[in-house]
Amino acid sequence: NDPSQFFKDIFRKEPYFYQQRIMRSIKDINRLLICAAGGTGKTQLLAGIALWFTVIYSNVNKMRYDVIIISGSLTQSKILYQYIREAIQDNPIIQDLIEGESLISQTTFKNKSMIKAVAKSLTSIQGQHCNMVLVDEAVLAGDFILRDTLRIIGPMKDSKIIFSSTPLNEIKGELFIEMWED
């Protein structure tokens, strides 16, 4: 029942104050924008959220819960996804919940929930429909990707959109910055 404790258990470290606060309230938040300096744990936080919803939330609520990871670059998507894979590899309980093996860019669970990391291209996200969209380094992902997240979640049950980024002043006027300032 405590996503913050789940974070601590899977990453074997105490979450930062803001990570703890977000993890504890994430069940009740449908849209979240995180803007913080580089190296403050945003990406690991997103990994914890993705795992909590696909491992815990989906099983408690007896429903499939799919998460798609998009980022400003495919490399950044893979960094976030690698946090997820390492947590799975380090935890035998979560390993037992995996259907087959955790692949390079997708993990499917026995309850049919899934986490997938994709590039920020139109061809990668076209046709994708998930309960949760995580956009890491959202400033770099671009306005089209940010707007398309609404299509991706569509009418999905318990849908969530989370944008996370390091502030970049030189990209003033982009949708993420406008959302942050508003």
Side-chain angles (χ1 to χ4, degrees), residues 1-34 36 41-71 76-118 125 127-136 138 146 148-165:
N1 288 330
D2 185 355
S4 177
Q5 182 63 46
F6 177 79
F7 181 97
K8 183 177 178 179
D9 291 343
I10 63 168
F11 294 119
R12 296 186 176 121
K13 68 179 214 174
E14 197 67 43
Y16 297 128
F17 171 76
Y18 89 92
Q19 291 172 321
Q20 186 177 56
R21 198 172 105 211
I22 290 172
M23 289 298 292
R24 287 195 172 145
S25 61
I26 196 63
K27 292 181 277 186
D28 303 318
I29 297 171
N30 294 326
R31 307 292 182 264
L32 179 63
L33 190 141
I34 303 167
K42 298 180 302 295
T43 302
Q44 191 171 40
L45 171 63
L46 296 178
I49 290 169
L51 276 170
W52 190 83
F53 274 92
T54 53
V55 171
I56 305 298
Y57 185 86
S58 64
N59 283 307
V60 168
N61 291 289
K62 298 181 182 2
M63 65 179 277
R64 175 181 174 161
Y65 201 92
D66 294 339
V67 176
I68 189 166
I69 299 166
I70 308 169
S71 186
Q76 186 63 29
S77 289
K78 288 183 176 183
I79 290 169
L80 196 165
Y81 185 71
Q82 188 59 34
Y83 276 114
I84 292 166
R85 289 189 73 198
E86 288 170 4
I88 291 169
Q89 292 167 353
D90 290 347
N91 191 305
I93 295 170
I94 297 176
Q95 281 178 10
D96 288 343
L97 300 174
I98 301 296
E99 183 71 39
E101 292 183 32
S102 181
L103 304 175
I104 290 174
S105 62
Q106 181 174 319
T107 298
T108 304
F109 297 86
K110 290 178 181 172
N111 70 1
K112 305 303 178 211
S113 294
M114 177 194 58
I115 300 173
K116 181 189 294 188
V118 299
I125 63 171
Q128 298 291 333
H129 299 284
C130 296
N131 304 83
M132 179 184 290
V133 182
L134 301 177
V135 184
D136 196 16
L146 300 185
D148 199 43
T149 58
L150 290 169
R151 179 203 53 82
I152 294 171
I153 62 163
M156 295 286 209
K157 184 177 191 258
D158 300 326
S159 65
K160 301 192 180 298
I161 297 173
I162 302 174
F163 297 158
S164 173
S165 198

pair [X]-[Y]: side-chain heavy atoms closer than 4.5 Å:
X: Leu150; Y: Ile161; result: yes
X: Ile70; Y: Asp148; result: no
X: Val55; Y: Ile10; result: no
X: Tyr57; Y: Met63; result: yes
X: Met132; Y: Thr54; result: no
X: Phe163; Y: Leu32; result: no

Check for a donor-acceptor pair, side chain of [X] on one end and backbone N or O of [Y] on the other, with a separation under 3.5 Å.
X: Asn131; Y: Lys157; result: yes
X: Gln19; Y: Gly41; result: yes
X: Asn91; Y: Ala87; result: no
X: Lys78; Y: Ala117; result: no
X: Thr107; Y: Ser102; result: no
X: Gln106; Y: Lys116; result: no
X: Lys160; Y: Ile26; result: yes
X: Arg64; Y: Lys112; result: yes
X: Ser77; Y: Val118; result: yes

Taking all non-hydrogen atoms of both residues into account, name the closest pair between [X] and [Y] and its distance.
X: Met114; Y: Thr108; value: CG-OG1, 4.1 Å
X: Ser71; Y: Asp136; value: OG-O, 2.7 Å
X: Leu134; Y: Ala50; value: CD1-CB, 3.8 Å

If you round to the nearest 0.5 Å, how far is [atom2] of [Y] from [atom1] of [X]?
X: Phe6; Y: Asn1; atom1: CZ; atom2: CG; result: 13.0 Å
X: Leu51; Y: Ser113; atom1: CG; atom2: OG; result: 11.0 Å
X: Ile115; Y: Ile68; atom1: CD1; atom2: CD1; result: 12.0 Å
X: Asn111; Y: Asn59; atom1: CG; atom2: CG; result: 4.5 Å
X: Trp52; Y: Ser58; atom1: CH2; atom2: OG; result: 9.5 Å
X: Ile34; Y: Ser164; atom1: CD1; atom2: OG; result: 4.5 Å

Parallel, tilted or perpendicular: ring planes of Tyr16 versus Tyr18, cut at 30 and 60 degrees
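The arrangement is parallel - the two ring planes meet at less than 30°.
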
Could you check whether the rings of Tyr83 and Phe11 sit parallel, tilted or perpendicular, using 30° and 60° as the cut-offs?
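Judged by the thresholds at 30° and 60°, the geometry between Tyr83 and Phe11 is perpendicular.
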
Within a 6.0 Å radius of atom CZ on Arg31, are there more than 12 heavy atoms belonging to other residues, nucleotides or ligands?
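Enclosed.
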
Please indicate whether Asp96 has more than 12 foreign heavy atoms, meaning atoms of other residues, nucleotides or ligands, lying under 6.0 Å from its CG.
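Yes, CG of Asp96 has more than 12 neighbouring heavy atoms, counting only those of other groups under 6.0 Å.
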
Any chance you could lay out the side-chain contact (heavy atoms from CB on, under 4.5 Å) test for Ile49 and Met23, step after step, and finish with the verdict?
CA-CA 7 Å; Ile49 290 169; Met23 289 298 292; 3.5 Å; yes

Take Phe7 and Gln44 through the test side-chain contact (heavy atoms from CB on, under 4.5 Å) and record every step on the way to the result.
CA-CA 9 Å; Phe7 181 97; Gln44 191 171 40; 4.0 Å; yes

Quick one, Lys8 with Gln20, criterion side-chain contact (heavy atoms from CB on, under 4.5 Å). Give me CA distance, side-chain angles, the key distance, then yes/no.
CA-CA 9 Å; Lys8 183 177 178 179; Gln20 186 177 56; over 6 Å; no

Which is it for Ile98 and Lys110 under the side-chain contact (heavy atoms from CB on, under 4.5 Å) test, yes or no, and what are the steps along the way?
CA-CA 6 Å; Ile98 301 296; Lys110 290 178 181 172; over 6 Å; no

